[in-house]
Amino acid sequence: MGRITRRSLTVAAAGALAATVTAGDALAEGRGGGHRPEFRGMWLATVANRDWPSRPGLPAEQQRAELLGFLDTAVSRRLNAVVFQVRPTADALWPSPYEPWAECLTGVQGRDPGWDPLGTAVREAHRRGLELHAWFNPYRIANHTDPSRLIPTHPARVHPEWVVPYGGKLYYNPGLPEVRRFVQDAMLDAVARYDIDAVHWDDYFYPYPVAGQVFDDDAAYERHGAGFPDRAAWRRNNIDRLVYETAVRVKRLKRRVRFGISPFGVWRNQATDPLGSATTAGVQTYDDLYADTRGWVRRGWLDYVVPQVYWNIGFAAADYAVLVPWWSEAVRDTGVNLYIGEALYKAGDPAQPAPWQDPAELSRHLTFDRGFPQVRGNVYFSAKEVAADRNGAMARVVADHYPYRVRPPR
């Protein structure tokens with residue numbers, strides 16, 4: 001794999017957003033209006049009906065109304081992007097020729113919901129002046145380990161040799177080249193057919209470690225692992241290839257569509273690697289998920305990165321005030337935009353430590369970020385909390401930092 005230069009891989013999105021916005025709250029024009037563009041996004045999660053639909057099996061019109069309600073919430077919070085989960089568990093929120101309709105829609109995997117959620121989301125987001133980033137999970141098949149619960153035509157049943165059960169879930173095996181090609185084809189179908197603004201992945205590559213369990217990829221390693229010093233290096237290469245190949249294919253298909261990834265917030269701890277952050281996190285993406293997130297940024301394979309810095313300022317093991325400077329340095333001179341993932345879901349949660357009970361904690365994050373010009377915006381997890389705003393933390397962010405709408409960076 002060669003380096004993809006910023007000139008060859010990243011092309012600024014052409015044209016202005018189609019903006020239908022509320023009166024008196026028009027989008028500022030970036031430099032033309034004197035306002036620096038910044039990314040203000042929210043994740044809209046569909047896996048296990050986390051945010052939407054509120055439950056499976058709702059009538060199509062009710063599903064649609066709930067979806068539009070979330071888009072309207074984004075506008076009212078002066079956000080400019082929605083990251084919409086459209087492939088939660090090797091299924092689809094559009095009529096895909098590769099994978100079945102998602103179970104979260106009707107309660108029955110493969111059942112046509114009677115409308116096109118992704119097509120509607122793209123069209124209605126753009127009408128409201130919002131970008132629509134299509135969020136895919138590459139390898140997760142199911143949140144259970146029973147293949148018989150998948151519909152008979154599911155690719156995981158047609159190709160059981162692709163599947164690895166682990167930690168109570170089913171995954172596609174990242175070590176198989178045929179899997180890598182298939183998951184790309186399945187995701188890129190949405191790029192080809194819809195006017196999405198970006199392809200977005202979250203933090204799931206190889207699964208998070210589960211104590212006492214082994215991810216059984218012995219056969220794949222035996223077949224494809226020659227030439228690597230160890231299994232960890234081979235696994236990282238598998239994920240590197242997925243990222244690189246997807247980046248190239250997205251740009252070949254539609255040059256204006258961006259490619260972004262939202263990894264777990266710690267690449268490596270400094271005690272493991274001098275290039276790592278001054279953290280003591282229990283998970284390191286490079287070592288545990290086999291995802292070299294810093295390497296992808298430094299090689300220019302991404303258009304943007306959204307590290308999930310889901311900790312408060314002063315948190316000992318992974319301090320927000322340590323990780324934001326570290327990521328700012330990681331993106332320096334790469335051309336990769338840096339947006340910070342924010343744990344809005346923790347705000348006001350009584351199970352969380354004291355800082356998260358303070359409605360001003362998230363606002364302090366954005367104030368801190370202003371000291372780092374590499375930080376070009378923030379993304380909030382997730383839409384349900386953006387709407388409900390349990391302790392007023394989101395309203396405080398809007399009041400302190402979002403006096404008007406702005407365009408996202410190009």
Side-chain angles (χ1 to χ4, degrees), residues 1 3-4 87 89-90 136-141 162-184 187 199-248 259-277 279-302 305-308 318 323 326-327 330 336 341:
M1 286 176 292
R3 175 185 173 85
I4 307 177
R87 186 180 185 261
T89 49
F136 306 86
N137 186 287
Y139 293 121
R140 181 174 56 210
I141 298 171
W162 291 1
V163 180
V164 180
Y166 179 80
K169 300 180 181 181
L170 294 175
Y171 297 93
Y172 284 127
N173 187 344
L176 299 176
E178 56 270 34
V179 163
R180 189 168 69 246
R181 181 72 187 193
F182 171 78
V183 298
Q184 289 176 44
M187 293 183 285
V199 169
H200 181 100
W201 294 350
D202 54 11
D203 52 320
Y204 292 96
F205 297 99
Y206 278 87
Y208 279 82
V210 177
Q213 297 201 27
V214 175
F215 189 84
D216 184 7
D217 56 1
D218 287 353
Y221 183 47
E222 179 73 21
R223 195 176 322 134
H224 301 292
F228 293 93
D230 53 35
R231 190 177 308 220
W234 170 72
R235 286 177 172 177
R236 270 189 295 275
N237 181 72
N238 294 331
I239 305 301
D240 281 352
R241 285 182 176 276
L242 179 76
V243 173
Y244 177 86
E245 291 168 9
T246 301
V248 170
F259 180 35
I261 293 179
S262 176
F264 179 76
V266 176
W267 171 70
R268 301 186 95 183
N269 295 321
Q270 208 168 66
T272 306
D273 187 324
L275 294 175
S277 51
T279 51
T280 55
V283 172
Q284 303 170 88
T285 58
Y286 184 93
D287 303 273
D288 296 310
L289 309 183
Y290 307 97
D292 185 9
T293 52
R294 180 182 180 275
W296 306 337
V297 168
R298 298 306 300 175
R299 297 181 192 110
W301 292 355
L302 309 179
V305 65
V306 193
Q308 296 173 23
L323 283 162
W326 186 89
W327 279 102
V336 177

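Heavy-atom basis, side chains included; hydrogens, waters and symmetry copies ignored.
At distances below 3.5 Å, not a single donor-acceptor pair connects side-chain atoms of Arg180 with backbone N or O atoms of Pro174. The closest donor-acceptor contact from the side chain of Gln213 to the backbone of Tyr166 lies at 3.5 Å or more, if one exists at all. In this structure a side-chain-to-backbone donor-acceptor pair under 3.5 Å is missing from Trp301 to Glu245. Side chain of Asn237 to backbone of Ala233: no donor-acceptor contact under 3.5 angstrom is found.
Side chains of Val266 and Leu323 form a contact here, defined as non-hydrogen atoms less than 4.5 Å apart. Side chains of Trp296 and Val336 form no contact here, defined as non-hydrogen atoms less than 4.5 Å apart. Side-chain contact between Asp217 and Arg235 is present, with at least one heavy-atom pair separated by less than 4.5 Å. Residues Phe205 and Ile261 meet the side-chain proximity criterion, which asks for heavy atoms closer than 4.5 Å. Side-chain contact check for Asp203 versus Tyr208: some heavy-atom pair is nearer than 4.5 Å. Using a 4.5 Å cut-off on side-chain heavy atoms (C-beta onward), Ile239 and Tyr206 make contact. At least one side-chain heavy atom of Trp267 sits less than 4.5 Å from a side-chain heavy atom of Asp273. Residues Phe215 and Val210 have side chains not in contact (no heavy-atom distance under 4.5 Å, counting atoms from C-beta outward).
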*Do Thr246 and Val183 pass the side-chain contact (heavy atoms from CB on, under 4.5 Å) test, and can you show the C-alpha distance, the side-chain angles, and the key distance before you say yes or no?*
CA-CA 10 Å; Thr246 301; Val183 298; over 6 Å; no
*Please report the C-alpha distance between Leu176 and His224 in whole Å, then the side-chain angles of each, then the deciding distance to 0.1 Å, and finally whether the side-chain contact (heavy atoms from CB on, under 4.5 Å) criterion is met.*
CA-CA 8 Å; Leu176 299 176; His224 301 292; 4.3 Å; yes
_Quick one, Asp240 with Arg299, criterion side-chain contact (heavy atoms from CB on, under 4.5 Å). Give me CA distance, side-chain angles, the key distance, then yes/no._
CA-CA 11 Å; Asp240 281 352; Arg299 297 181 192 110; 4.2 Å; yes
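A side-chain contact (heavy atoms from CB on, under 4.5 Å) with Pro263 holds for exactly one of Leu289, Asp202, Thr293; it is Thr293.
When every heavy atom of Pro138 is checked against every heavy atom of Arg87, the shortest pair comes out as O-NH1, 3.0 Å. Counting all heavy atoms, side chain and backbone alike, Asp287 lies closest to Arg236 at CA-NH1, 4.3 Å. A pairwise comparison of heavy atoms in Gln308 and Ser262 identifies NE2-O, 3.0 Å as the closest pair. The two residues Ala318 and Thr279 have their closest heavy-atom pair at CA-CG2, 3.8 Å. Closest approach of Leu275 and Trp326 over heavy atoms only: O-NE1, 2.9 Å. Pro307 and Gly265 make their closest contact through CB-CA, 4.4 Å (heavy atoms, listed as atom of the first residue, atom of the second, distance).
For Asp292 and Arg268, the salt-bridge test fails: no basic side-chain N is under 4.0 Å from an acidic carboxylate O.
To the nearest 0.5 Å, the span separating CG on Asn137 from NE2 on His200 amounts to 10.5 Å. Atom CG of Asn238 is separated from atom OH of Tyr221 by 10.5 Å, given to the nearest 0.5 angstrom.
A search for ring-ring contact (aromatic ring centres under 6.0 Å, His included) contacts involving Trp201 returns Phe259, not counting sequence neighbours. Here Tyr139 pairs with nothing under the ring-ring contact (aromatic ring centres under 6.0 Å, His included) rule; sequence neighbours left out.
Using a 30° and 60° split on the angle between ring planes, Tyr172 and Phe182 fall in the perpendicular class, above 60°.
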